[in-house]
Structures are given as C-alpha cells and as structure tokens.
Amino acid sequence: MFSFIHSSDLHLGKPFGRFGEDLRARLREARHQKIARLAAVARDAGARHVLLAGDTFDAETPSPQIVRQAIRAFAREKKITWVILPGNHDSLLATELWARFRKECPENVILALQEGVLNLEQGVELLVAPCPVRHAGRDLTEWMDAAETKPGALRIGLAHGPIQGFSEEDAPLDIIAPDRARRARLDYLALGDWHGRLAVGPNCHYPGAPEADSFRHDQTSCALQVEIESPGAVPKVNEVETGDMRWLGLELDFRPGDDAKRRLERVLPPPEHRRDTLVELIALGRLSLSERARLDHAISDLSDDFGSFEADLGRLDLDHETADLDEIDPESGALRTAADRLRAGAEDNEIDAEERRVKRAALARLYGYALEVRQ
C-alpha cells in the first residue's frame, strides 16, 4: 500500500489587499503555517510524501523573504518528501523563483519542473505536468495517456488546471479532460487550481486550498490523505481539516417583523471562534426603518468580534411607516422634508437602482442619527 498527502494552492505571499494591515499579516502567516500543518497530517497518517499540485506561491515574483522562509519550513520536516509542482500563478516563467529554489533546494524536496515521469519510490511512478505559462492553451495532462511506466508500478498523476465539462461548447483549450485518470490508466490524479474540495471521480480529486482565501467556497479547508492498496485498486481518500481562518459568506432574507439581531446571531459562530472568522453578509428582503436601525446597531456591535465583518445592505428594501418618519421629525421641519424626499426617491422606479439604493441607505442613516440624538 502507498500512502501520501495531496494538497495544493498554498498561495504563499498572497497580499490580501482588501483588508487592514493586521489582518493581512494574520492571513499570510496562516498560509505559511500550512507547511507545518501538512507535515503533521502526513506524520499522523504514516505517510512519507506530500504532493503539492501547483500554486505553492501566489505570484511569479514572491519576495525573497517568502521564498527563503518557505524553503526553511520545508527543510525542517526532514522525514517528509515534498513534491512541488509549478501552477499557473507560479509557472515555469517564474525563472528567478525556481532558479533560487533549485539553488537552495533541501534534500527532502523534489521540484517537478519538467514534464515527465518521476520515480517516487520502488513501485510508485509520478507523472508530472508543470504549468509552463499562466495560460498554456492546451491540456497539459494529455501526454500521460501514452506515457510508459514500469510494469506493475502505481501510476499517479500530478497536474494543475480546471476540469473540462462534458457538454461545454467553445471551452478553453487549457482545461483537463475529466476522464484523464481513466484514459491514462492512472491510479490517482492529484489536481490543483480549484480552491474548494471537489471529487471529480473515484481516482481524480481537488483537495482545495488548505487555508481558505475567499468567501466563494463555504467548505472546511482540508488536505487529502490518500491510500492506494495496489495498481487498479480504488483509492481510499480521507479529508483532514487544515484551516485556521474561516471565511463565512451569509445571505439573509429579512421580512418585516423579523428580529434582525436574533436572526443574525443565530447564524454566526460562538464568541470563542469569532476572531478567526471573516464574515461577508448580504442582506435581502425588506425591513421597517426601526428594524433596519436595529440591524445596523447589531452589526456595529458585533463586527469588532471578528477578523473582518463586511455587510452589504444595499439590496435590503425599506418599509417607510409614518411612525418611523415621525421619529426623525414629527413636524414639517427640514429633517422631515429631507426624510420625505429620500423616501420618495427610494420608491421611485423612474430612477436607476443604484440611486434608489443610495437614497434608502441615506434614509436609514438619517433615521439612525435621529435616534442617537434623542437618546
């Protein structure tokens, strides 16, 4: 039996420019720490090899510190053999990156910089397909169909790129055939590129990124522990959790009468997990002005608990009750005139949606200020 760990898309050095400096540093460090985490997963599984299926680095020109510290981290795990494949972000065009890595390469690291067959250990052959450029314009695994390996050896493929759909028309040329494992007689095809966990088939898998980096994939970040009993046997694939930071995308549809704060708290993690959670909230439906104000207050009160809390309330419609407008100004003064104009604009289908959204937000803000002044 051959056992190994399959991972990909570490994206070391990813800048995370949308966030503040402190959070950016935490997110970059979490990615670096995945090297030690993957080694621990391998040790726990009794595996001696970790296959990294591309995009170990986020760019073709990572800083010297990012490269050196990654090399040192790989080298510290002396009992693990790392196989590192260039992906589309750190393709073979990154000549300076890979030249430096080759120069300082630890003994326990195999750089898969040339298309071909590598012998991992007796009876295990690895067919590697590094990305020559960011967009190759062809299926980089096609050559595997005719590749020869030693009789009786396991055939394991290692590649980076998207999988072709069965019925797509005018599809890009650099996508990987979904049945490549069958065509190339591979016992397992280890892929990278897709940052979420995806089983293409029993012999073909994406592990997803070991540390989440967007709200796109609402899944637990993991690596894959793979065991192959013998050539032709169906691999045993287990998911092992690896992530430290959670990216939580929420879409809540509100209705008048909802306790917005309670609904929000019901879907958020407990306080002890909030520092390591990034939240992206999209609010839909409609609320009254007073209910919207309570939602705004809840978001303001909760947001500092989290690594990041972004709320998009632009698609949340407002019910404009007279009692709510009276809270702004019960008389016919300037504030009430402004509130009435904003309400009219928010309900005016003759103006574009973005302008209506701005007027809804302004009315909600005016209502919130009025309440603050009265308190």
Side-chain angles (χ1 to χ4, degrees), residues 15-20 23-24 27 195-196 212-219 245-269 274 277-329 334-375:
F16 295 104
R18 65 189 284 189
F19 300 114
L23 181 56
R24 291 201 304 269
L27 293 170
H195 287 202
D213 60 2
S214 76
F215 297 103
R216 184 176 184 182
H217 305 286
D218 189 15
Q219 300 169 308
M245 306 292 289
R246 182 184 181 191
W247 296 59
L248 179 61
L250 298 174
E251 190 172 284
L252 294 181
D253 194 351
F254 294 100
R255 291 290 178 267
D258 281 350
D259 185 332
K261 181 178 181 180
R262 180 174 294 179
R263 282 202 61 195
L264 181 58
E265 288 183 328
R266 194 177 297 153
V267 296
L268 292 174
R274 291 179 178 177
T277 301
L278 290 72
V279 176
E280 182 182 67
L281 170 66
I282 297 175
L284 306 173
R286 63 191 312 112
L287 292 172
S288 69
L289 274 172
S290 58
E291 291 163 341
R292 162 67 186 264
R294 286 193 288 272
L295 176 59
D296 287 340
H297 180 75
I299 292 171
S300 176
D301 185 52
L302 289 166
S303 60
D304 287 344
D305 287 347
F306 293 86
S308 172
F309 197 114
E310 300 174 350
D312 178 3
L313 308 185
R315 286 175 272 181
L316 182 64
D317 288 328
L318 294 176
D319 280 344
H320 313 112
E321 300 175 2
T322 301
D324 288 334
L325 297 181
D326 287 343
E327 291 281 354
I328 297 175
D329 188 349
L335 285 180
R336 182 54 178 265
T337 299
D340 287 338
R341 287 177 177 173
L342 289 172
R343 177 183 65 174
E347 297 174 342
D348 186 356
N349 291 325
E350 298 297 319
I351 62 178
D352 64 52
E354 176 61 19
E355 189 172 350
R356 294 199 304 274
R357 184 196 68 78
V358 170
K359 292 183 182 299
R360 286 198 302 270
L363 181 57
R365 182 66 59 87
L366 181 60
Y367 180 85
Y369 285 154
L371 290 186
E372 289 178 13
V373 170
R374 290 185 177 225
Q375 291 172 357

Student: Is there side-chain contact between Leu287 and Arg255, with at least one heavy-atom pair below 4.5 Å?
Tutor: no
Student: State the CG-CG distance between Leu316 and Leu281, to the nearest 0.5 angstrom.
Tutor: 9.5 Å
Student: If you define the side chain from C-beta out and look only at heavy atoms, does anything of Phe309 sit under 4.5 Å from Asp304?
Tutor: no
Student: Checking Asp296 against Arg294 for the salt bridge (Lys or Arg N to Asp or Glu O under 4.0 Å) test, could you report, in this order, the C-alpha distance in whole Å, the side-chain angles of both residues, the deciding distance, and whether it holds?
Tutor: CA-CA 5 Å; Asp296 287 340; Arg294 286 193 288 272; over 6 Å; no
Student: Is there a side-chain contact between Leu278 and Phe16, using heavy atoms and a 4.5 Å cut-off?
Tutor: no
Student: Taking atom CG of Leu284 and atom CG of Asp317, what is their separation to the nearest 0.5 Å?
Tutor: 9.5 Å
Student: Ignoring hydrogens, what is the shortest heavy-atom contact between Pro269 and Thr277? Give both atom names and the distance.
Tutor: CG-OG1, 3.9 Å
Student: For Ala260, does its backbone N or O pair with a side-chain atom of Asp258 as donor and acceptor, under 3.5 Å?
Tutor: no
Student: Any chance the rings of Phe19 and Trp247 have centres within less than 6.0 Å?
Tutor: yes
Student: Has Glu280 got a side-chain atom pairing as donor or acceptor with Phe215's backbone, closer than 3.5 angstrom?
Tutor: no
Student: Under a 4.5 Å cut-off applied to non-hydrogen side-chain atoms, are Leu302 and Glu265 in contact?
Tutor: yes
Student: Taking it one step at a time, do Leu264 and Ile299 satisfy side chain to side chain contact (heavy atoms under 4.5 Å, CB included)?
Tutor: CA-CA 9 Å; Leu264 181 58; Ile299 292 171; 4.0 Å; yes
Student: Are Val279 and Ser308 side-chain neighbours, meaning at least one heavy-atom pair lies under 4.5 Å?
Tutor: no
Student: So Lys261 and Leu295, side chain to side chain contact (heavy atoms under 4.5 Å, CB included) or not? Walk me through it.
Tutor: CA-CA 6 Å; Lys261 181 178 181 180; Leu295 176 59; over 6 Å; no
Student: Which residues pass the side chain to side chain donor-acceptor pair (under 3.5 Å) test with Arg286, sequence neighbours left out?
Tutor: Asp319
Student: Run the side chain to side chain contact (heavy atoms under 4.5 Å, CB included) test against Arg216 and tell me which residues pass, sequence neighbours left out.
Tutor: Trp194, Ser214
Student: What distance do Arg263 atom CZ and Leu268 atom CG have between them, rounded to the nearest 0.5 Å?
Tutor: 12.0 Å
Student: Does CZ belonging to Arg18 count more than 12 external heavy atoms closer than 6.0 Å?
Tutor: yes
